[in-house]
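Working notes, beginning with the structure itself.
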Amino acid sequence: MRILIDTREQLPFTFAGYEVVPEVVGLPCGDYSLPGFEDRVAIERKSLEDLVGCLMGSNRERFERELYKGRHYDLFAVVVEAPLSAVSQGRYRSEMKAEAALQSIITFQVRYRVPFMWCGNRAGAEYVTHGLLSKYLREIGKRYEQAVKTQGGK
């Protein structure tokens with residue numbers, strides 16, 4: 001399986017231990033995607049510090065633009081390299097209060113119809129990213145096979 005990694009991704013997953021060939025390209029949205037589906041599938045990766053930083057000031061506007069772009073994708077998710085409790089307990093370096101951070105994240109999930117997946121740590125986020133992309137490919141394959149059967153093998 002080939003996974004596309006955006007050129008702006010600063011700490012890309014290596015996908016070591018997975019049957020993955022990573023390829024660095026410029027993506028229109030998100031940090032990870034699939035060849036041929038760049039305008040339909042995107043995974044946005046966030047460390048805890050980066051996520052909280054994206055909830056304030058001009059970073060917030062840039063992050064919201066990214067979420068807006070991804071809202072019409074077949075698959076778009078934010079994978080977070082931390083547990084939700086890290087936000088609720090304010091275990092980050094920022095002046096932003098935990099309640100304000102949580103309310104912003106909840107608002108974004110509703111406003112942009114995007115799930116935030118709390119993966120516990122970096123390895124968990126890499127696992128979830130690989131899982132989402134591989135399951136998407138499998139489901140697309142099933143839909144294609146069904147369409148061919150419906151059309152009588154044409």
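Source: prediction; values computed, not measured. Sequential numbering from 1 along the given sequence is applied to the chain's residues.
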Closer than 3.5 angstrom, by distance alone: can the side chain of [X] be matched with the main-chain N or O of [Y] as a donor-acceptor pair?
X	Y	result
Glu81	Arg45	no
Lys46	Val78	no
Asp31	Glu9	no
Tyr92	Gly53	no
Glu38	Pro28	no

Working to the nearest 0.5 Å, report the span between [atom1] of [X] and [atom2] of [Y].
X	Y	atom1	atom2	answer
Gln103	Lys97	CD	NZ	14.5 Å
Cys54	Glu49	SG	CD	11.5 Å
His72	Arg113	NE2	CZ	6.0 Å
Asn121	Leu48	CG	CG	12.5 Å
Ile5	Ile43	CD1	CD1	12.5 Å
Ser94	Leu55	OG	CG	8.0 Å

So if you build clusters from Ile, Leu, Val, Met, Phe, Trp, Tyr with side-chain heavy-atom gaps below 4.5 Å, do [X] and [Y] land together?
X	Y	result
Val79	Phe63	no
Tyr127	Phe116	no
Val114	Val128	no

- [ ] Run the salt-bridge test on Arg62 and Glu66 with the 4.0 Å N-O cut-off and return the result as yes or no.
- [x] no

List the atom of [X], the atom of [Y], and the distance in Å for their closest heavy-atom pair.
X	Y	value
Leu51	Ile105	CD2-CD1, 3.9 Å
Val87	Ala98	O-CB, 3.2 Å
Leu133	Met1	CB-CE, 4.0 Å
Ala125	Cys119	N-CB, 3.4 Å
Ala42	Gly30	CB-CA, 4.1 Å
Pro12	Arg122	O-NH2, 3.0 Å

Between [X] and [Y], how do the two ring planes meet: parallel, tilted or perpendicular, split at 30° and 60°?
X	Y	value
Phe15	His130	tilted
Phe108	Tyr112	tilted
Tyr136	Phe37	perpendicular

Task: Gln89 atom CD, neighbour heavy-atom count above 12 within 6.0 Å - done: yes

Open item on the list: Around atom OH of Tyr18, are there more than 12 heavy atoms from other residues, nucleotides or ligands closer than 6.0 Å?
Closed with: yes

Task: Option passing side-chain contact (heavy atoms from CB on, under 4.5 Å) with Phe76 (candidates Leu67, Leu132, Val41) - done: Leu67

TODO: Would you tell me whether Ser85 and Arg91 have side-chain atoms, one donor and one acceptor, within less than 3.5 Å of each other?
DONE: yes

TODO: Evaluate the criterion side-chain contact (heavy atoms from CB on, under 4.5 Å) for residue pair Glu64 and Arg111; output intermediate values, then yes/no.
DONE: CA-CA 10 Å; Glu64 282 201 74; Arg111 183 179 294 158; 2.9 Å; yes

Is [Y] close to [X] at the side-chain level, that is, under 4.5 Å between some pair of heavy atoms?
X	Y	answer
Leu84	Leu102	yes
Tyr32	Asp6	no
Arg65	Tyr68	no
Arg40	Ile140	yes

Task: Verdict with supporting geometry, Thr14 and Glu126, side-chain contact (heavy atoms from CB on, under 4.5 Å) - done: CA-CA 8 Å; Thr14 62; Glu126 183 176 40; 3.9 Å; yes

